[in-house]
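Computed from heavy atoms alone, side chains included, the values below leave out hydrogens, waters and symmetry copies. We count ligands from 1, going down the list as the structure has it; atoms in each ligand are counted the same way.
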Amino acid sequence: MSKVPQPTTKFLKVKCESCNNEQVVFDSAKIVVKCNVCGSDLTEPKGGKAKILGEVLEVLS
Ligand SMILES: [Zn+2]
């Protein structure tokens, strides 16, 4: 009966599709997170949750 709410925020390791840079991003980022190497957008804010534009390699809790 007692469902513990899952933490809604996670860190994701995302691979940039443009330059293959691997970068850790916050999955509820409210801003566009850009790749540190080439400046491509890695996340797009979507009402609370970020849409991940690159490839998610790993979920870090
Ligand atoms: Zn990049």
Side-chain angles (χ1 to χ4, degrees):
M1 283 303 200
S2 56
K3 267 202 171 175
V4 179
Q6 295 293 312
T8 53
T9 52
K10 291 191 178 95
F11 288 97
L12 306 172
K13 191 188 276 184
V14 176
K15 186 165 85 173
C16 173
E17 291 186 324
S18 300
C19 72
N20 294 334
N21 173 45
E22 292 176 12
Q23 193 168 322
V24 175
V25 303
F26 201 39
D27 82 338
S28 60
K30 292 191 173 56
I31 55 162
V32 174
V33 177
K34 291 188 181 294
C35 173
N36 285 333
V37 175
C38 72
S40 288
D41 295 351
L42 296 180
T43 68
E44 182 184 307
K46 283 259 175 186
K49 278 267 178 184
K51 181 183 174 194
I52 306 300
L53 301 176
E55 181 187 346
V56 177
L57 300 172
E58 202 177 329
V59 177
L60 315 160
S61 42

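Around the Zn ion (ligand 1), the protein atoms of type N, O or S that sit closer than 2.8 Å are C16 SG, C19 SG, C35 SG, C38 SG.
With sequence neighbours excluded, no residue satisfies salt bridge (charged side-chain N to carboxylate O under 4.0 Å, His left out) with K51.
Side-chain atoms of E55 never come within 3.5 Å of backbone atoms of N20 as a donor-acceptor pair (strictly under, hydrogens ignored). Listed for the D41 side chain is no donor-acceptor partner under 3.5 Å among the backbone atoms of V32.
At least one side-chain heavy atom of I52 sits less than 4.5 Å from a side-chain heavy atom of T43.
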**Item:** Verdict with supporting geometry, L42 and L53, side chain to side chain contact (heavy atoms under 4.5 Å, CB included)
**Value:** CA-CA 5 Å; L42 296 180; L53 301 176; 5.7 Å; no

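Nearest heavy-atom pair across I31 and P45 is C-CG, 3.6 Å.
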